[in-house]
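Accompanying notes for the structure given below.
Below, chains carry the letters A, B, ... as their sequence lines are ordered, and counting in each starts from 1.
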Number of protein chains: 2
Amino acid sequence: MKSPAASSSIEDYVKVIYSFTEWQDKPISSTQLAQRLGVANSSVSEMVRKLKDLGLVDHKPYSAVTLTEAGRGLALTVVRRHRLIETFLVEELGYAWDEVHDEAELLEHAVSETFVDRLAAKLGHPTRDPHGDPIPDADGALELPAARLLSELDEGHHGSITRISDDDPELLRYLSREGIDVDTHVEVGPRKPFSGALQVLVSTADGGAGHPAELGEQALHALWVADDTPHEGCTLA
Amino acid sequence: MKSPAASSSIEDYVKVIYSFTEWQDKPISSTQLAQRLGVANSSVSEMVRKLKDLGLVDHKPYSAVTLTEAGRGLALTVVRRHRLIETFLVEELGYAWDEVHDEAELLEHAVSETFVDRLAAKLGHPTRDPHGDPIPDADGALELPAARLLSELDEGHHGSITRISDDDPELLRYLSREGIDVDTHVEVGPRKPFSGALQVLVSTADGGAGHPAELGEQALHALWVADDTPHEGCTLA
DNA sequence: CAATAGATTTCGGTCCACCTAAAATAAGCC
DNA sequence: GGCTTATTTTAGGTGGACCGAAATCTATTG
């Protein structure tokens, strides 16, 4: 049940490969992998060969990389560790949203399975981390909420934020200042003529009249909105 | 104030060098260092040269290794991390005494200064870890309790256990079964004729009549007793 | 005081993950 | 179909930390 123990590089590779397809289907290319890991393309080539030898990925030369079942299993344990640690940092140690990612990145390679299980128990077996990402359970099962990228929604749609990509701490701080958090309710407004920025109506927690926020491309691709209301529901009532 | 960030090997080396002299004065030799780190002597030689170049140790060829001020400073931060993590594992995650050492060993190299500070705050800035070892504060100051090795005490002495070496989990489990913990009060009894084992009277927590335990060489060198009562105190009262 | 046993260091050599530069391949375009 | 461009792989090389074997030093001790 337990493989020989992957190096932390190996864990990072499968984690990134997994994450890339968590919210969309296209598999990751070498170059994208290299960018996300911050290493040279050549390093990825070598490492992918090793991962293939280990049976963690499928790969034909010059094409995209996908996880095998074993690879996906490993990735899920890494992701579970990462997200539980993030949750712990926010809930127990008072970290802010935008501070947790890097810390978790390091810790996730240093904790034992026992640690993770006990941490999960202490936190009450949470199913989402502070950014709304689902936390796989100990068996690797996870529930992906149905959600769409904010950038794909048309004017008039509304729903609550389900997930916020934690790639860029700077963006997280901006969103924080605009009052946008996981579970915040938003309504999509009009596109600004040339800037491409989108107006969004952000509801206050108490249900009062929302205030507007302007979101650029970067933000639109980092926010996911739950598919709760195809609008009819409201119109009919 | 912060050096470039030592590798985890470097941290391990200075930690072991420091620990060796924490409760006695003789400096550590290459071979002892190699044994405690589980590496070959030749590896130690090389690494000590590097540590010397980094200004962390003093070392003349063919003699013992000692820490410089900088080295001691680094060692203290590592020891602080280690002991705070052990405390956390026991108090917050329900680890047993004998389980924490290895886990802390890994984690201590993966946590940031911020993490350590927040953890310390959450735990209420403890000054001793679960084995009774002193936890240095953020500035590297620590209070070493006056204590003597149980093996050095004569029959009739008594006092409370201040520190229990956590080198051997097996021993920790034995002591646990015998009801010996940090702060347990003990009285030194007679040596058993040939076995060399020592009889010790272990007080129960509520002050009731103690029960005897037999401790061999290994245990006698792992237990430290506070210097609280040179016996007169009691006789005079 | 010379011989030797034990500790320590030096000397090649390994493995891992990374790099740059150069070569090979795939894909788009005229 | 052939050319160019962009992606991907190979080749050769680095630094960190480790190893075993061989050389060297220290310290004893006869």
Below 4.0 angstrom, N of the basic side chain to O of the carboxylate: do Asp133(A) and Arg163(A) qualify? yes

Just one of Asp117(B), Asp137(B), Asp129(B) clears the salt bridge (Lys or Arg N to Asp or Glu O under 4.0 Å) bar with Arg80(B), so which one? Asp117(B)

Taking the side chain of Arg49(B) as its heavy atoms from C-beta onward, which of dT25(C), dT10(C), dC16(C) lies nearest to it? dT10(C)

Expressed as a whole number of angstroms, how long is the span from Leu51(A):CG to dC16(C):P? 13 Å

Go through it in stages, so that I can follow the logic: the residues are Arg191(B) and Glu155(B), the test is salt bridge (Lys or Arg N to Asp or Glu O under 4.0 Å), and I'd like the CA-CA distance, side-chain angles, deciding distance and then a yes or no. CA-CA 8 Å; Arg191(B) 287 266 177 183; Glu155(B) 186 169 346; over 6 Å; no

Considering only heavy atoms and no angle criterion, is a donor-acceptor pair shorter than 3.5 Å present between the side chain of Glu46(B) and the base of dC19(D)? yes

Quick one: label Ser30(A) by what it contacts on the DNA or RNA (base, sugar-phosphate, nothing), any heavy atom closer than 4.0 Å. sugar-phosphate

Heavy atoms under 4.0 Å, any strand shown: does Ser45(B) hit a base, just sugar-phosphate, or nothing? base

dC18(D) phosphate, OP1 or OP2, under 4.0 Å from Tyr13(B) side-chain N/O: yes

Go through dT25(C), dT10(C), dT8(C) for me and flag the one nearest to the Thr31(B) side chain. dT8(C)

Would Arg36(B) pass as a cation-pi partner of Phe20(B), given that its NZ or CZ must be under 6.0 Å from the six-membered ring centre and within 45 degrees of the axis? no

Under 4.0 angstrom, heavy atoms only, what part of the nucleic acid is Ser43(B) near: base, sugar-phosphate, or nothing? base

Ile10(A) CD1 to dC16(C) P: how many Å, rounded? 9 Å

Assess whether one donor atom and one acceptor atom, taken from the side chain of Ser42(A) and the base of dT20(C), lie less than 3.5 Å apart. yes

Phosphate-side-chain proximity, His59(B) and dT8(C), N/O vs OP1/OP2 below 4.0 Å: no

Base, sugar-phosphate, or nothing for Ala40(A), non-hydrogen atoms under 4.0 angstrom? base

Do any side-chain nitrogens or oxygens of Lys50(A) fall under 4.0 Å of OP1 or OP2 in dC16(C)? no

Measure NZ/Lys52(A) against P/dT8(D) and give the value in whole Å, please. 16 Å

Atom-to-atom span, CG of Asn41(B) to P of dC11(C) - whole angstrom: 17 Å

Rounded to whole Å, please give me the gap between CG in Leu33(B) and C1' in dT9(C). 14 Å

Tell me what Ser7(A) touches on the nucleic acid: a base, only sugar-phosphate, or nothing, going by heavy atoms under 4.0 Å. sugar-phosphate

Take Ile161(A) and Trp224(A) through the test side-chain contact (heavy atoms from CB on, under 4.5 Å) and record every step on the way to the result. CA-CA 6 Å; Ile161(A) 304 286; Trp224(A) 302 73; over 6 Å; no

Atom CG of Leu54(A) and atom P of dA17(C): how far apart are they, to the nearest Å? 10 Å

Rounded to the nearest angstrom, tell me the gap between atom OH in Tyr62(B) and atom P in dT8(C). 10 Å

Does Thr68(A) reach the main-chain N or O of Asp58(A) with its side chain, forming a donor-acceptor pair under 3.5 Å? no

Would you mind classifying the nucleic acid contact of Ser9(B) as base, sugar-phosphate or nothing, using non-hydrogen atoms under 4.0 angstrom? sugar-phosphate

For His109(B) and dA17(D), give me the distance from atom NE2 to atom C1', rounded to whole Å. 14 Å

Position toward the 5' end of DNA chain C (nearest nucleotide), Pro61(B) or Met47(A): Pro61(B)

